[in-house]
Amino acid sequence: MASFPSTASAALTATLKLQPQFRTHPPTSLPIEKSQNISLQKSNYFTDFAPKNLDFREALSLAKEVTEVDSSFYFPLLQECLDRTSFADAQAIHGHATKTGAQEDVFVMSFLVNVYAKCGRLEAARKVFDNMPRRNVVGWTTLMVGYVQKMKPENAIHVFQEMLYAGSYPSNYTLAIALSACTSMRSVKLGNQFHAFIIKYQIDFDTSICNALCSLYSKCGHLKLALRAFRRIKEKNVISWTAAISACGDNGDPTTGVRLFVDMLSEDTQPNELTLSSVLSQCCEILSLELGTQVHSLCAKLGYLSNLRIRNSLLYLYVKCGCIDEAQILFSGMDDVSLVSWNAMIAGHAQMMELTKDNISACHYGIKALKLFSKLHRFGMNPDLFTFSSALCVCSRMAALEQGEQIHAQAIKTGFLSEVVVGSSLINMYNKCGSIERASKAFLEMSTRTMISWTSMITGFSQHGRPQQALELFEDMKLTGVRPNAVTFVGVLSACRHAGMISEALTYFEIMQKDYKIMPVMDHYVCLVDLFVKYGRLDEAFDMIKKMDFEPSEYILASLVAGCRSHGNLELGFQVAEQLLSLKPKDTETYLLLLNMYHYAERFEDVSRMRKIMKEEKIGKLNDWSWISIKETVYSFKPNDKEFPQSSLVYESLEVLISKAKNLGYEMLETMEMSEEEEEEEKISSTVIYHSEKLAITFGLENLPIFSPIRVVKSTLMCRDSHNFVKYVSTLTAREIIVKDSKRLHKFVNGQCSCGDLGVFF
DNA sequence: CTAGGGTTAG
């Protein structure tokens, strides 16, 4: 058994070949036992013989006295055991049946196997099954179901093989169960073998089988195959639709999922609770509140509003679409709140942080999330791994180290730290809070590591300007046999980018495609292009962009422009800038990049041309905020802000810092931004000197203990001037300054930034 | 006997 699943395919193939009946049967005659017989029998027993309104206990005691019983006597009793999943009662009935000779009855015994399996007592079920006078397909299938439910899919497959050896034919249910075993093993390979078998016997239109196929392919990440299986179904039922709709949701295609839901309704199939909750979560993803509200009404109409799962899905919908108030009302109105509801609220607020452009509200969401986290204990809830990972994620986005540490302590106390997901979140939290040491400590202390843990740590080293360690870790990862994915390689390539290792980067890029069959994405090209630009190998940078399978994105062209500017190749920068403009960029930051580049080069005709374009395209103001958290209070700043505590003191000491920095060689660069007054062309852009992060950092220097690092979060990208200035400040004050901007992490120590100046944009 | 909420890496 231990050899599964590696040898499972081979074994199964061998088995199928050995079975003579499979070879002799012509493909048109199905080797499928008619399982309907048994269900027909069962319903006859129930309708014809079952005592009406029988109390379970009464029936049991009655059963003890009766010795001459028809086997139909046992069915309602066993049904009751099944509903109650009561092993002890089932055993009592079993004992009685041995006395009356009912153990000779295949149907009674099959049912008993079913009950035992449902109760999770697979050994007992197996024993009954082995003693059956004639073992049938239902029994085999029931055993398989038991194993799949007990998360032992290998055993289920093994039972399937045994069944074939014993000469039984699988029914469509048996195959569906076998496929679901493949699903829980995440083995498409084995699943394919079953699929081939299914096609061979031309039952690839069967509802149950295709439902199972659909979910197998979906869980293994093959949405197309999943939908193909779905489309082949001749008679689609709720489960088919639900499987297909969730498949879209699980594989990142909510638009198709929602469309399928509409199709489903137009075909008059009534959705069930799972369909509705899947659709609701997909409405969240496409942020379609309108559709979501309609589904909400539908839930009301179908009477699902008291259903906890549906309510939780609705919570997610409202929280993620930004209707916090709606969600709050729903949440407080729930008399029956589960931990999932709390998790929904916390994760929802965490998600809101990302969706909100306005940093100050983003910060409020973060604070609210952490408040919810500390409150749930009082409501008799204990956080689980989902709660912990969401809460840690909030801390990482807020760079809230203190809160993160507290949650870390709680995770240790409750034992959830041993959960891989929590451990990975912890690594991420320490990374984002600028503490690479504690991140690597957390990494080392993990007992098991997934690809995500490794990737987090590799990316962390890379972001903290430690490319060597990142690459060493990648080698270790390969040695332990954990398979990297596209994100891992983003980390690896960005490490190469930091270290300026062009040839190594190209080698890794090759390995990624050849050995790991990973398709390169934009982020990989960004690293490579940056590397070429860094060394002035611009032709190669352009070749690289040409080699891409997709059109260059706004982001990669912008980073090429930024690179050109950083490395003094303005001419080329201008060329790319024009190409970029023809793409009609979306981000304000892209326009600011170009505007500032032209301004810096004193090409004033271009500057006014840019202004005109920006006015036409209605490019808004940059929503620039920075915040710093000091002793549980969060202080936020906007550019040239004067409305905050100790404002005059902060400006005073900022001026001192600026002049000291100037003595060390700092040259202030004017950064142009959009001004408030847009009506006059002259005023459409203005310059910023007191960037929000400068204010936040100075505020931190004034209010945090000496030597303690300064952690600032910023809603937009850092500009060239500010990035340069903070480097000087880190030298002048001998402090570690961490700025988390909208794209990356900057850790300033001793006049150097961990981003290696690669993260500077405009 | 078929489908099964939410969490972590860029």
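Chain letters run A, B, ... following the sequence lines, proteins first and then strands; every chain starts at 1.
- The side chain of A:K219 contributes an N or O atom lying less than 4.0 Å from OP1 or OP2 of B:dG4.
- With rounding to whole Å, A:Y318 atom OH is found 17 Å from B:dG5 atom C1'.
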Begin from the C-alpha positions of A:C395 and A:K432 and carry the test side chain to side chain contact (heavy atoms under 4.5 Å, CB included) through to its verdict.
CA-CA 9 Å; A:C395 296; A:K432 295 283 167 59; over 6 Å; no
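- Among the heavy atoms of the strands, none lies under 4.0 Å from A:S313.
- Nearest to the side chain of A:V340, among B:dA3, B:dG10, B:dG6, sits B:dG6.
- Side-chain atoms of A:N428 and A:S425 include no donor-acceptor pair closer than 3.5 Å.
- Here A:K432 reaches the OP1 or OP2 of B:dG10: one of its side-chain N or O atoms lies under 4.0 Å away.
- As rounded to whole Å, 16 Å separates atom P of B:dA3 from atom CG of A:L227.
- Taking the six-membered ring where tryptophan is involved, the planes of A:Y430 and A:H408 are perpendicular, since the angle between them exceeds 60° and thus also 30°.
- Using a 4.0 Å heavy-atom cutoff across all strands shown, A:S281 reaches sugar-phosphate atoms only and no base atom.
- Remark: A:T174 is not in phosphate contact with B:dC1, judged by side-chain N or O atoms under 4.0 Å from OP1 or OP2.
- For A:T174 and A:T141, the side-chain atoms include at least one donor-acceptor pair closer than 3.5 Å.
- Using bins of under 30°, 30° to 60° and over 60° for the plane-to-plane angle, the ring pair A:F489/A:Y516 lands in the tilted bin.
- Among B:dA9, B:dG10, B:dT2, the nucleotide with an atom closest to any side-chain atom of A:T455 is B:dA9.
- Between A:D384 and A:N343, the side chains place a donor N or O and an acceptor N or O closer than 3.5 Å (distance only, hydrogens not considered).
- Here the side chain of A:A347 is nearest to one of B:dT2, B:dA9, B:dT7, namely B:dT7.
- Closest approach to the A:S277 side chain among B:dC1, B:dG10, B:dG5 is made by B:dG5 (side chain taken as heavy atoms from C-beta onward).
- Nucleic acid contact for A:S208: base, since at least one base atom lies under 4.0 Å from a heavy atom of the residue.
- For A:Y316, the side-chain atoms get nearest to B:dT7 when compared with the rest of B:dT7, B:dC1, B:dA3.
- You'll find that the side chain of A:N485 is closest to B:dA9, out of B:dG6, B:dC1, B:dA9.
- With B:dT2, B:dG5, B:dA3 as the candidates, the nucleotide lying closest to the side chain of A:S215 is B:dA3.
- In this structure, the CG atom of A:L315 is 13 Å from the P atom of B:dT7, given to the nearest Å.
- Residue-level contact check: A:T142 touches neither bases nor backbone, having no heavy atom under 4.0 Å from any strand.
- The side chain of A:N343 lies closest to B:dG6, out of B:dT2, B:dA9, B:dG6.
- In terms of phosphate contacts, A:N428 brings a side-chain nitrogen or oxygen within less than 4.0 Å of OP1 or OP2 of B:dA9.
- Counting any heavy atom pair closer than 4.0 Å across all strands shown, A:T275 reaches no nucleic acid atom.
- No contact: A:M457 has no heavy atom under 4.0 Å from any strand.
- Checked by distance alone, A:N431 brings no side-chain donor or acceptor within 3.5 Å of a matching partner on the base of B:dA9.
- Within 4.0 Å of A:L280, counting heavy atoms only, lies no atom of the nucleic acid at all.
- One interatomic measurement links the two molecules: CG of A:L417 to P of B:dT7, which rounds to 20 Å at whole-angstrom precision.
- The existence of a salt bridge linking A:E162 and A:R126 is confirmed by a sub-4.0 Å separation between a basic side-chain nitrogen and an acidic carboxylate oxygen.
- The A:S424 side chain lies nearest to B:dT8 when the options are B:dA9, B:dT8, B:dA3.
- Distance from the side chain of A:Q463 is smallest for B:dG10 among the nucleotides B:dT8, B:dG5, B:dG10.
- In this model, a side-chain donor or acceptor of A:D384 finds a partner on the base of B:dG6 within 3.5 Å.
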